[in-house]
Amino acid sequence: GIPENITQNLKNQNIDETKIAISAIIKKVDRYKKLPALEFKKKFYQFLASRGFEYETIKEAFAFFQNKD
């Protein structure tokens, strides 16, 4: 039901999904870091997946926080 020109414009925009994902989870990370590593990763992935982020985007966001330590 969305006009083709609108969807085409959105596809052509250079949107950094990883930055958006990082912004979405940044408040949760401190709480999650207190968990065991496997549970931290599971909650991290579940939170972002439940908000519609793709696996690759979630993986990149997770790597950002892993490299931050």
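By convention here, the first residue in the shown sequence is residue 1.
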Show the nearest heavy-atom pair for residues A21 and T57, with the distance to one decimal.
CB-CG2, 4.0 Å

If you look at every heavy atom in I58 and A49, which pair is closest and at what distance?
CD1-N, 3.5 Å

Are a donor atom and an acceptor atom from the side chains of E60 and T18 found within less than 3.5 Å of each other?
yes

Go through the structure and list residues passing salt bridge (charged side-chain N to carboxylate O under 4.0 Å, His left out) with K59, not counting sequence neighbours.
E56

Distance in Å, F53 CZ paired with I25 CD1, rounded so as to fall on 0.5 Å steps
9.0 Å

Interatomic distance, CD1@I22 vs CZ@F65, rounded to 0.5 Å, equals 5.5 Å

Below 6.0 angstrom between ring centroids: does that apply to F62 and Y55?
no

Looking at residues at least two apart in the chain, or sitting in another chain, which of them share a ring pair (Phe, Tyr, Trp, His ring centres under 6.0 Å) with F47?
none

According to the side-chain hydrogen bond (donor to acceptor under 3.5 Å, both in side chains) rule, which pairs have a member within residues 39-54, sequence neighbours left out?
none

